[in-house]
Amino acid sequence: MTAPKTSAHIIDGNTLSAQLRQEVTQRTNALKARGLTPGLAVVLVGDNQASEVYVRNKVKACADSGLHSVLDRYDASMTEAQLLARIEQLNHDDSIHGILVQLPLPAHIDANKVIESISPAKDVDGFHIASAGALMVGQPGFWPCTPYGCMKMLESIGCDLRGKHAVVIGRSNIVGKPMAMMLLQKNATVTICHSGTKDLKAMTLQADVIVAAVGKCNVLTADMVKPGAVVIDVGMNRNPEGKLCGDVDYAGVREVAGFITPVPGGVGPMTITMLLVNTLESAERAAAERGLA
Ligand code: GUN
C-alpha cells in the first residue's frame, strides 16, 4: 500500500496582494485626509510591447488604490540628455513621491546612468546604487519590488527564516542578489546558485526555502526538492507551446514541496503591490518631513 500523496499548500499571490492593497488604500486615504496624495511617475521610452502592458498595469494599480500617477511616454528617438532632464524635473516635483523608468531602455540610452539620476528618496523600484547599498548594510531604503514581494509571501505563511537554508537560483541585480540580502537579513543561511553552479541539485536538495529566478522553464524539478520545502517561483516564461510557465515544474514540485507559488497568480501580482507600498511609504515620509501630522 502506498501512503496517500499530499500536495503543497499554495501561496496565492492574488489573495495576498488584495489584502495588502486594501491596506495601501486605507493608508492612502489617511494621507489624503492630511492633505497629501501619493504620486508615482512612470516613464516609458520607446514602444516595447511587454513594457506597454507592464506600464498600463502599474498606472491602473495606482488608480485602483487611490494613488496619483503620471505616465510619461516618449518616442524611441528621445535622447539620453532629454530623459535625464525630465528625471531632474520629477526629482524636484513635490507631487511625485516615486519615479519608475521602465526597462529596457533603447540601446542609445545608458540605463545605469538614468537609474543613478533618480533621487534615492524617490527610487521606488529600488534599483539605485544607494538603495542596493542600503539593503546590503541593513539601512532603511527602498527594496526592489519583486524580491520584497517574495519576502511578504514567506511572511504570510509564518516562515521563520532564522537558521533556515535558503537557496536562490539566479543572480540578477533586480531579483537574485537583493533576494539573497533580504533572506540574509532575516538570518537565513543563504546560497546563491547561477549558470556556473556545478551541481544545482546537490544545493537545492539541502534547501528549506528555494527561490527560482532564472527565466527558464523547468529549472527546478521534483527530484531537486527536499520534502516540505518552501518553493517560490519568480519565473514568467512561455514554454514551446506558448503557455505561460514559471521556472519551476509546478505539477511535479507541488507533490514534494510544503508550500509553492503558482504561475500565474503567485509572485507576479506581488511585484506591483510592493511598488504601491514603496510609493506610499515615500509619500508618508514626505508628509512627516512637511509636518503633516
Ligand atoms: N522591466 C521589467 N520589470 C521591471 C521593473 O520591475 N521595473 C522597471 N523599471 N522596469 C522593468
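Numbering starts at 1 and runs along the sequence shown. We count ligands from 1, going down the list as the structure has it; atoms in each ligand are counted the same way.
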Below 4.0 angstrom, N of the basic side chain to O of the carboxylate: do [X] and [Y] qualify?
X: Glu52; Y: Arg73; value: yes
X: Lys60; Y: Asp64; value: yes
X: Asp223; Y: Lys201; value: yes

### Query
Do ligand 1 and Thr271 have nitrogen or oxygen atoms that lie under 3.5 Å from each other?
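Among all N and O atoms of Thr271, none is under 3.5 Å from an N or O of ligand 1.
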### Query
Going by distance only, is there an N or O of Leu103 that falls short of 3.5 Å from an N or O of ligand 1?
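The answer is yes, given that Leu103 and ligand 1 share an N or O pair closer than 3.5 Å.
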### Query
Any idea which protein heavy atom is nearest atom 2 (C) of ligand 1, and the distance to it?
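For atom 2 (C) of ligand 1, the nearest protein heavy atom comes out as Gln102 NE2, 3.7 Å.
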#### Entry: Nearest-neighbour protein heavy atom for atom 5 (C) of ligand 1, which is reported as residue plus atom name and distance
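Answer, as residue, atom name and distance: Lys58 NZ, 3.9 Å.
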Can you sort out which atoms of ligand 1 are near [X], meaning under 4.0 Å from one of its heavy atoms?
X: Val101; result: 8 (C), 9 (N)
X: Asp125; result: 6 (O), 7 (N), 8 (C), 9 (N)
X: Phe127; result: 7 (N), 8 (C), 9 (N)
X: Leu100; result: 9 (N)

### Query
Among Thr189, Asp208, Thr191, which one satisfies side chain to side chain donor-acceptor pair (under 3.5 Å) with His165?
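Result for side chain to side chain donor-acceptor pair (under 3.5 Å) with His165: Thr191.
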#### Entry: Qualifying residues under ring pair (Phe, Tyr, Trp, His ring centres under 6.0 Å), relative to Tyr54, sequence neighbours excluded
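Tyr54 satisfies ring pair (Phe, Tyr, Trp, His ring centres under 6.0 Å) with no other residue.
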### Query
Sequence neighbours excluded, which residues qualify as ring pair (Phe, Tyr, Trp, His ring centres under 6.0 Å) partners of Tyr250?
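Expected list: none.
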